[in-house]
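Since this is a predicted model, take the numbers as computed values, not measurements. As the structure lists them, so they are numbered: ligands from 1, and atoms in each ligand from 1.
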Amino acid sequence: MENKEPLIITDKDDMRRWSRSARAQGKIVGFIPTMGYLHEGHLSLVQECKQHSNLTVVSIYVNPGQFSPNEDLSTYPSDFIGDINKLKNKADGVDVVFHPKDLYDYGKHDGVVNARRNDLEEGKVVSCVENSGQGHETWVRVERLEKGLCGSSRPVFFRGVATIVTKLFNIVEPDVAVFGKKDYQQWRIIERMVRDLDFGIKIIGAELLRDPDGLAKSSRNVHLSPEQRKKIVDQESLEVLEEIKSPAVFCIAAWFGNVRLLDNMEIVV
Ligand code: PAF
């Protein structure tokens with residue numbers, strides 16, 4: 001076992017330079033984007049990535065663009081030192097941790113809070129990086145797949161995910177990227193985005209890890225409530241099925257307070 005210290009890169013130009021140099025030497029660069037606070041599910045994505053690449057980059061960045069102003073961005077958990085130790089000790093090391101301070105241009109900050117509040121009151125869909133029109137304004141949308149399931153209750157979420165993943169792909173320039181199938185809709189959206197926009201990146205959907213009782217691994221499992229929403233949907237289109245005739249996926253989102261837990265199971269027919 002290697003237990004090696006990852007190189008920590010915070011600057012996006014340094015990240016791009018490292019990756020270009022690695023690829024110029026014929027290395028296959030694998031990438032796992034995360035928002036940190038890593039658990040065994042993330043570490044299994046690292047292991048999966050290592051099967052497909054020579055060098056591994058993990059990004060740790062809590063993306064404000066995928067949170068609405070009324071969501072829990074400010075209380076999102078973080079433990080950077082703990083994350084590095086887990087990557088070092090439990091995932092047999094990764095080569096680089098990309099940990100940028102911020103990846104958005106917010107423009108002028110004056111009046112941001114009021115602008116958000118006004119937008120919210122007018123019923124506009126806004127995220128934590130939007131303000132009175134200055135700063136970041138380009139968004140990537142996977143129009144049909146982002147609707148429904150998690151998208152129906154979190155209107156800016158998938159737009160924010162597709163946008164930050166695009167930004168990260170443009171900075172890290174990986175050959176391969178791994179996403180967990182636990183976040184099934186997210187995985188399908190990224191896969192579709194890569195296909196539609198011709199990113200030269202292979203997307204791998206990694207199977208989710210389960211506890212012995214079958215529950216998908218998550219640090220928040222302890223909060224699981226019996227209050228659940230359940231759908232069966234088509235695997236490709238993510239449209240709700242009346243009858244299972246094509247490969248389907250059973251998706252569950254369960255709420256406890258404002259903590260949202262996800263699980264899903266693919267059904268082959
Ligand atoms: O799955 C996550 O942790 C995030 O949505 C991702 C893909 C890192 C984008 O911020």
query = Between the candidates Pro33, Gly36, Ala162, which shows the shortest non-hydrogen contact distance to atom 8 (C) of ligand 1?
reply =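 The option holding the nearest heavy atom is Pro33.
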
query = Counting heavy atoms only, which of His42, Lys182, Gln66 comes nearest to atom 4 (C) of ligand 1?
reply =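 Shortest heavy-atom distance from atom 4 (C) of ligand 1: Gln66.
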
task = Below 4.0 angstrom from a heavy atom of Val161, which ligand 1 atoms are there? Numbered from 1 as shown, please.
result =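 Here the atoms of ligand 1 in question are 5 (O).
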
query = Which of the numbered atoms in ligand 1 are below 4.0 angstrom from a heavy atom of Ile164?
reply =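 Atoms satisfying the 4.0 Å criterion: 9 (C), 10 (O).
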
query = Starting from atom 7 (C) of ligand 1, which protein heavy atom do you reach first, and at what distance in Å?
reply =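 Result: Gln186 NE2, 3.6 Å.
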
query = Where is the nearest protein heavy atom to atom 3 (O) of ligand 1: which residue, which atom, and how far?
reply = Met35 CG, 3.6 Å

key: Distance under 6.0 Å and angle within 45° of ring axis: Lys147 vs Phe158   = no

query = Is the distance between the ring centroids of His99 and Tyr61 under 6.0 Å?
reply =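 No, too far apart.
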
inquiry  = Check Lys27 with Asp175, please: is the shortest side-chain N to carboxylate O separation under 4.0 Å?
reply    =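 So Asp175 does not pair with Lys27 through a salt bridge.
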
task = Output yes when a side-chain donor or acceptor of Asp83 lies under 3.5 Å from a complementary backbone atom of Tyr37, and no otherwise.
result = yes

query = Using 30° and 60° as the class limits, which term best fits the ring planes of His39 and His42: parallel, tilted or perpendicular?
reply =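 Taking His42 first and then His39, their aromatic rings sit tilted (interplane angle of 30° to 60°).
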
